[in-house]
Amino acid sequence: RTEAEKLRGLDLLVPEKNLPPLEEGEAYLHELPGLAVFVLAEDGSESELGTILSVSAPAGQELWTITPTAAAASGRANVEILFPAVPEFVHAFDLPRRRVVICPPPGLLDLYL
């Protein structure tokens, strides 16, 4: 325990080839930045929101920082959306196509856009 305590606060780096395989619909956090983000509408259509800039997990809750497209930002400069990535709000991942579809709770995007 004393030896392990010396490692507190350090980053653990693992070669990607040594990571365990993922289940369908799962992704490693390092794979998320750069994914295009689309919003699923009630009618089933999708509209592009932006791109995942970064991922953090304050207090254990995964939080995505999304940079909206110019069209989604409606002319507002330097807007970043903080999106709680809970299963209820993430509709689908498509890592090969580098995209994710979200269903944000009502009003969340209105706070930013």
Side-chain angles (χ1 to χ4, degrees):
R1 180 174 143 178
T2 303
E3 289 301 310
E5 192 64 34
K6 294 176 186 176
L7 302 175
R8 182 183 295 268
L10 297 178
D11 291 331
L12 174 64
L13 303 176
V14 178
E16 195 165 341
K17 67 180 182 179
N18 292 347
L19 294 173
L22 296 171
E23 298 290 325
E24 180 72 28
E26 291 183 328
Y28 285 108
L29 296 182
H30 73 272
E31 296 176 305
L32 299 181
L35 289 182
V37 180
F38 293 82
V39 177
L40 182 65
E42 289 183 21
D43 67 3
S45 64
E46 298 175 2
S47 59
E48 188 170 9
L49 175 63
T51 305
I52 297 177
L53 177 66
S54 64
V55 178
S56 61
Q61 170 58 56
E62 189 176 319
L63 191 64
W64 298 347
T65 301
I66 300 171
T67 303
T69 64
S74 302
R76 296 177 72 182
N78 302 319
V79 175
E80 290 182 342
I81 299 165
L82 298 178
F83 180 74
V86 295
E88 297 83 14
F89 303 153
V90 179
H91 178 71
F93 271 104
D94 190 342
L95 287 177
R97 291 179 54 202
R98 303 288 301 151
R99 67 191 314 265
V100 61
V101 180
I102 63 171
C103 300
L108 177 70
L109 298 180
D110 296 335
L111 294 173
Y112 299 98
L113 308 173

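As the structure is a computational prediction, the values presented were derived from the model and not from experiment. Residue numbers start at 1 and run along the sequence shown.
For the pair Val90/Glu62, no side-chain contact is recorded, criterion being any heavy-atom separation below 4.5 Å from C-beta on. The closest side-chain heavy-atom distance from Thr65 to Ser56 is not below 4.5 Å. Contact annotation: the side chain of Trp64 never approaches that of Leu35 to less than 4.5 Å [non-hydrogen atoms, C-beta and beyond]. Looking at heavy atoms from C-beta onward, Leu32 lies out of side-chain contact with Val100 at the 4.5 angstrom threshold. In this structure, Leu113 and Ile81 have side chains that are in contact, with non-hydrogen atoms separated by less than 4.5 Å. Using a 4.5 Å heavy-atom threshold, the side chains of Glu46 and His91 count as separate.
Between Leu63 and Pro84 the shortest heavy-atom distance is CD1-N, 3.8 Å. In terms of heavy-atom proximity, Leu10 sits nearest to Lys6 at CD1-O, 4.2 Å. Closest non-hydrogen pair, Leu95 versus Ala27, comes out as CD1-CB, 3.6 Å. In terms of heavy-atom proximity, Gln61 sits nearest to Ala85 at NE2-N, 3.7 Å.
The number of heavy-atom neighbours closer than 6.0 Å to CG of Asp11, taken from other residues, nucleotides and ligands shown, is 12 or below. By the 6.0 Å contact criterion, CD on Glu16 is open, its count of non-hydrogen atoms from other residues, nucleotides or ligands being 12 or less. The 12-atom threshold is exceeded at CG of Asp43, counting heavy atoms of other residues, nucleotides or ligands nearer than 6.0 Å.
Remark: Tyr112 engages no residue in a ring-ring contact (aromatic ring centres under 6.0 Å, His included) (not counting sequence neighbours).
Rounded to the nearest 0.5 angstrom, Glu31 CD and Leu19 CG are separated by 8.5 Å. In this structure, Leu40 CG and Leu49 CG are separated by 12.5 Å, a value rounded to the nearest 0.5 Å. Distance check: Ile102 CD1 to Phe38 CZ gives 11.0 Å after rounding to the nearest 0.5 Å. A distance of 7.5 Å separates CD1 of Ile66 from CG of Leu109, quoted to the nearest 0.5 Å. Atoms CG and CG, on Leu13 and Asn18 in that order, are 12.0 Å from each other to the nearest 0.5 Å.
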